[in-house]
Peer 1: 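Have a look at this one.
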Amino acid sequence: MQTPTHSPTYLAAELRLPTNWLDYTLLGIYFVVVLGIGFAARRSVKTSLDFFLSGRSLPAWVTGLAFISANLAATEILGMAANSAQYGAYTVHWYWIGAIPAMVFLGLVMMPFYYGSKVRSVPEFLLMRFDRGAHLLSSILFAFAAILIAGVNLYALAIVVEALLGWPQWVAIVVAGFFVLAYITLGGLSSAIYNEVLQFFVILAALIPITVLALKKAGGWDGLTDTLTKSHGDDFVTAWGGTGIGDANPLGANWLTIVLGLGFVLSFGYWTTNFAEVQRALSAKNLSAAQRTPLIAAFPKIFIVFLVMIPGLAAAALVPGFGTEESGYQYNDAIPYLMEGLLPNGVLGIAVTGLLAAFMAGMAANVSSFNTVFTTDIWARYVVTDREDGYYVRFGRLITAIGVLASIGTAFLASSFSNIMSYLQTLFSFFNVPMFVVFIVGMFWKRASMKSGFWGLLAGTTAAMVNYFVLYKQDIISIPSDQGANFVSAIAGFVAGGVVMVAVSLFTAPKPTEELQGLVYGTRSPGMAEPPAPGDEAWYRKPALLGWGAVVLAAACYIPFSF
């Protein structure tokens, strides 16, 4: 089994793409359209609500596609292809058990609380449920994490563009950063969301040809699996093979850590509390549209795994020892390696544009959520209060520029990970999981006290970091891989946060019952009881049907990979 190396994340030098004028023309057209959307969206920005939440006016299909596009960053594309080249078909777990149930839970259970309470951000919900301590700590942690993750996107873009097109890293960073900064500063969240809808289709146009041609070159599905079975073993092409407790497998995790660590803690922590995703749903025009946003996104999420997994598997099959020093490639090289060898000019331009679109979608999602949280939850709440609305719109544009510059500064922190998805999962276990346990306890337990939110969040974050940096990195406990360590860190953070919340709640005062309306399960606020809009009675507009349909479909997809 190959475990992640810790050498810098540079792509192989021989991956330079034979691009020509046609490819660059397609790339230029895309950038012009991106800026055009920003200028068009600027006309709709009149208030801070317009800038930060699109005036809560967008239809469900737009917010749904933006929701999935914000997640489908190039770090997701390169990272999940790297995961597949390294761990095999286990990648399906990140989608079918590590995403779909949590997305459905967000839509059916949590969105009525978020949207009904009229909060502008996820940390603001913690202010209403707990106190200023939980609110300020969660705001700072989220802002810090958003900049780190945006930096991952920028760093990944720079190394890919340098390897594929020959641009210096600083040129790639400045160009991408400028365009993201320009269209978010101009049109706020609306500009980001409409560009994410465009980017969703551009990304698909890039991935589909790569997947089809890679599968064909590997000898079709049967040829691909036969090759990988001979070189990597039977478990490499199954979802659950070798995951018994105590068994060895490429992922370095057993079924319990997969189900609890990934399927529950990491997954629910990311999808239900990550404001970069939730912000898209909060911009929907009504509660029904907000609930349907993650549910609409769940259906393409079920099938996108094939567009990132198959290229990774194909790279592992076509190059013996792919990801090792002897092969000359790292796991992150899977998609670029296939682009260089399989795509003709024109199609190559679409693929490059798709990668850049994915980087920009991921970065824009984190930058737009960062400017909202920093402006509304930190600056307007604790630094400069009670100013006119226009001031906060202007400050939001300023902090967007600062956020992009800060992202450039954090970009190189990702260089110690050969598999950038491992780095992202590490960040999620530190920042999203502790916030999730605070949310879930506070949302389902009335007795959870005002002080318990702060101490639960602090304890969960600390426990996850101690497990990863001390117990795992110092070899105090033996975990076979970085991903396995992430699962364990997530479980440790969740348990520690929950235990501390219960302990603190037993010795501190709960929030008055009348202040918990619409914030705790079993209570309702006026916004949660709104009647359905005209036309929302149709079956395809009913969140419950969409949600259960996505869960059943995802479960059915496991069947071919379980034997």
Peer 1: Quick check on Phe144: does its CZ atom have over 12 non-hydrogen neighbours (other residues, nucleotides or ligands) under 6.0 Å away?
Peer 2: no
Peer 1: Could I get the full list of ring-ring contact (aromatic ring centres under 6.0 Å, His included) partners for Phe31, not counting sequence neighbours?
Peer 2: Phe179
Peer 1: Kindly say whether the aromatic ring centers of Tyr558 and His93 come within a distance under 6.0 Å.
Peer 2: yes
Peer 1: Using the benzene-type ring in the case of Trp, are the ring centres of Tyr329 and Tyr337 under 6.0 Å apart?
Peer 2: yes
Peer 1: Taking Asp23 for the side chain and Asn345 for the main chain, is one N or O donor matched with an acceptor at less than 3.5 Å?
Peer 2: no
Peer 1: Should the pair Phe487 and Trp94 be assigned to parallel (<30°), tilted (30 to 60°) or perpendicular (>60°) ring geometry?
Peer 2: tilted
Peer 1: Kindly state whether the ring of Phe436 and the ring of Phe264 have centres lying under 6.0 angstrom apart.
Peer 2: yes
Peer 1: Is the distance between the ring centroids of Trp240 and Phe561 less than 6.0 Å?
Peer 2: no
Peer 1: Say whether, by atom type as modelled, one donor and one acceptor occur between the side chain of Ser478 and the main chain of Asp475 under 3.5 angstrom.
Peer 2: no
Peer 1: Report the residues that fulfil ring-ring contact (aromatic ring centres under 6.0 Å, His included) with Tyr194, sequence neighbours left out, ordered by chain and then residue number.
Peer 2: none
Peer 1: Establish, yes or no, whether a centroid distance under 6.0 Å links the rings of Phe236 and Tyr90.
Peer 2: no
Peer 1: Okay, side chain of Ser267, backbone of Gly98: is any donor-acceptor separation there less than 3.5 Å?
Peer 2: yes
Peer 1: Do you know the tightest heavy-atom contact between Phe306 and Thr211?
Peer 2: O-CG2, 3.8 Å
Peer 1: Identify the heavy atoms of Ser283 and Thr63 that sit nearest to each other, and give their distance.
Peer 2: OG-CG2, 3.5 Å
Peer 1: Do the side chains of Leu65 and Glu196 get nearer than 4.5 Å, heavy atoms only?
Peer 2: no
